[in-house]
Amino acid sequence: MSIELQLKNKVLEALQQMYGQVVDPESIQIQKTRKDFVGDYTLVVFPLLKISKKPPEQTATEIGEYIKKNIDDISEFNVIKGFLNLTLNNNFWLSFLNSVGQKKDYGYIINKEKPNIVLVEYSSPNTNKPLHLGHIRNNLLGYSVAKIIASQGDKVIKVNLVNDRGIHICKSMLAWQKWGNGITPEKAGKKGDHLVGDFYVKFDQEYKKQIDELIQKGISEEEAKKNAPLIIEAQEMLRKWEAKDETTIGLWKEMNSWVLKGFDITYKNLGIDFDKIYFESDTYKLGKEIVLKGIEKGVFLKKDDGSVWVDLTEEGLDQKLLLRADGTSVYITQDIGTAHQRFADFNADELIYVVGNEQNYHFQVLKLIMNKLGYSFSEYLFHLSYGMVELPEGKMKSREGTVVDADDLMDEMIHTAEEMSKELGKLDEYSEAERIQINRTIGLGALKYFILKVDPKKNMTFDPKESIDFNGNTGPFIQYTYARIVSLTKKAQARNSITPNKIKTDITATNKELQLIKQIHSYPEILFDASETLSPAIVANFVYDLAKEYNQFYHDHPILNEVDENISLFRLFLSQQIGKIIQSGMNLLGIDVPERM
RNA sequence: GGCCCCAUAGUUCAAUGGAUAGAACGGAAGUUUCCUAAACUUUAAAUCCAAGUUCGAUUCUUGGUGGGGCUACCA
């Protein structure tokens, strides 16, 4: 039983014994004592005054005395206003630390009785242009959330849904046909996704020119957009694609393969992966059948022109199109199909979509539709909606060339790490290969941490020049702390081959040391919270706080140089447990930690 | 117009309804015969406004203000 629960039960017992009342356990508030007060756990007594019918101080004192008498681990207590601060003895914390040392995956839930099967969909790129900063947030969030959920004992399946069909794909294809001169990624010496992206941009430029020309001739902008020859050609190409025209399909396959190869490299560099990849070109027709059945059931309505709609006005929304008049599917149709498919494929209990908040409405609608169709899993569809990544100048706009490319950004970060370590002379003695490895770890660590430390639902500003730092609340700060601990361990081993796997519990620990142990103590609940709220930011901030606290400890506590051997061993042991947790927490964020830096 | 999200130091981020709102960057001033100074110490600086619920509100409710998003036979 956790100490919090023990305390709570004792308080309930005390209230019954002393005031003769059974109270709602909800009204017992046990929380961690704030740092600037003496104590480990605090009972807020204000809600209990009705029962005790005594002033706060007196109530708190009476409960405190009862608890001290009845729980051995409580060594003392103090009362400040309506707060009862309880202190646990050294022995409790040191024994606890020993127990952490025994565990391999401290904080994880290993054998959950009924693990849920959770699908996490993330990334979901379009195959017409390379990945950018927005995708990076998406990928990092999805990957981390998947790991965090898995740490709590559930079975997680990571899936990607590649958007590989549609008018936007045809635009790149058409531009390549017209202006590509048969170029390939090999000939151009360029990643395939970037090459295809160039043609997407080219299309847009030429399209714009045509629109301007038409406007000059006195045609309205709206008409010009619809009638520019290029867009008509692109639409024609889409029709050919849907009709399975051989040359169109051929080109489509080739260009898509270029892009996908490029994505693979980006994913690999980012350090993320998937268990299953769905292609929209395979799944886009799945939903149509379900929608047609829905009409029979009377869930959807068919208009005179043949288009199919769902009426969500009763739910406070509008009508939403599900099938076009010509019978073709739209975006949400496909999602209806894939949701059905996935629950069937994996017997899933829950499906989490990591998708930007501009699609909040889309997922609200999707959930309602699945519900109307009678799918019981509709309540287990969860949209992990994250905020936009903005630049200091505002939103990224591909047309204005202000998009921050994913590959470039990673390169830049690694390069910055390289310059920093060169400047500091940190890696001078290491081999070229080691330097590359370490700089990579640090550069990517900085990027990933910077993005993941922010609450997912919030918009965030990303300043490519200034925002990424290697000091303060950053990935490298945490990595550095880890490297120091590894270094300590190695030195200890060199001096003395015995590494402690247990410490004495009768040592007097300093406040800072106790503070660190308490932070370790809260790791499991941090992981639980992060998993419940799907927020890697909680883990990120926890690891930072731990590292910060450790650095302070490191600064003014001799460890290997401590003369008292028992204390020295204790500090080393404590350091190692903290190293373990830093590694564990960073791993859940998808961030590597270096052995040295 | 309708719906959703956000608002905290100059900047970027924290805070299950609890005590004196925490960090970091930037600013100012310091620490190295000592286990990695990518570290540590000191310092100034903030809850958008107004009501309400509560013993207690940054947190919950309502209304305003400001910012963002969605509201396509696009994805």
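Numbers restart at 1 for each chain; the letters A, B, ... are given by sequence-line order, proteins then strands.
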Listed nucleotide nearest any side-chain atom of [X], set [options]:
X	options	result
A/Asn473	B/rU36, B/rC40, B/rA24	B/rA24
A/Tyr544	B/rA23, B/rG18, B/rU36	B/rA23
A/Val454	B/rC13, B/rC35, B/rA24	B/rC13
A/Phe46	B/rU12, B/rA14, B/rC55	B/rC55
A/His555	B/rC35, B/rC40, B/rG68	B/rC40
A/Gln29	B/rU16, B/rU36, B/rA14	B/rU16
A/Arg484	B/rC35, B/rA19, B/rA37	B/rA37

Option from A/Lys453, A/Lys458, A/Lys457 for which salt bridge (charged side-chain N to carboxylate O under 4.0 Å, His left out) with A/Asp455 holds:
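Between A/Asp455 and the candidates, salt bridge (charged side-chain N to carboxylate O under 4.0 Å, His left out) is satisfied uniquely by A/Lys457.
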Matching residue for A/Thr127 among A/Asp193, A/Asn163, A/Asp164, A/Asn256 - test: side-chain hydrogen bond (donor to acceptor under 3.5 Å, both in side chains)
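The passing option is A/Asn256.
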Please name all residues satisfying ring pair (Phe, Tyr, Trp, His ring centres under 6.0 Å) with A/His168, sequence neighbours left out, ordered by chain then number.
none
Check whether the side chains of [X] and [Y] place a donor and an acceptor atom closer than 3.5 Å, and report yes or no.
X	Y	value
A/Asp469	A/Thr474	no
A/Thr33	A/Thr42	yes
A/Asn473	A/Tyr449	yes
A/Tyr19	A/Thr59	no
A/His362	A/Asp335	yes

Within 45 degrees of the ring normal and closer than 6.0 Å to the centroid, is that where the cationic atom of A/Lys303 sits relative to A/Trp309?
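Here A/Lys303 passes the 6.0 Å and 45° test against A/Trp309.
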Cation-aromatic face contact A/Arg137/A/Phe462, 6.0 Å, 45 degrees:
no
Strictly below 4.0 Å: does A/Lys458 bring a side-chain N or O up to OP1 or OP2 of B/rA14?
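Yes, because at least one side-chain N or O of A/Lys458 sits under 4.0 Å from OP1 or OP2 of B/rA14.
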Any chance you could lay out the ring-ring contact (aromatic ring centres under 6.0 Å, His included) test for A/Phe382 and A/Phe363, step after step, and finish with the verdict?
CA-CA 8 Å; A/Phe382 193 91; A/Phe363 284 100; over 10 Å; no
Tell me: CZ of A/Phe470 to C1' of B/rC25, nearest whole Å?
14 Å
Spacing between A/Phe462 atom CZ and B/rC13 atom C1', to the nearest angstrom:
15 Å
Counting runs of three or more consecutive pairs, Watson-Crick or G-U wobble, with each distance below 3.5 Å, where are the stems of RNA chain B?
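So far as stems of 3 or more pairs are concerned, RNA chain B shows B:1-7 with B:65-71, B:10-13 with B:22-25, B:27-31 with B:39-43, B:48-52 with B:60-64.
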All N/O contacts under 3.5 Å from nucleotides 57-61 of chain B to the protein, with atom names and distances to one decimal?
none

How would you summarise protein contacts on nucleotides 70-75 of chain B per nucleotide, using B for base, S for sugar-phosphate only and - for none, with heavy-atom distances below 4.0 Å?
SS-BSB
Counting primed atoms, P, OP1 and OP2 as sugar-phosphate and everything else as base, the B/S/- map of nucleotides 42-47 of chain B against protein heavy atoms under 4.0 Å is ------
If you take any heavy atom closer than 4.0 Å to RNA chain B, which residues from residues 30-39 of chain A end up in contact?
A/Gln31, A/Arg34, A/Phe37
Under 3.5 Å, is there any donor-acceptor pair linking the side chain of A/Asn85 to the base of B/rA19?
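Indeed there is one.
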salt_bridge(A/Lys367, A/Glu315) N-O dist < 4.0 Å
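A salt bridge is absent here (no side-chain N lies under 4.0 Å from a carboxylate O).
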Does the pair A/Arg571/A/Glu513 count as a salt bridge with the N-to-O cut at 4.0 Å?
yes
Is there a side-chain contact between A/Arg596 and A/Glu434 (heavy atoms, below 4.5 Å)?
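Of all side-chain heavy-atom pairs linking A/Glu434 with A/Arg596, at least one is under 4.5 Å.
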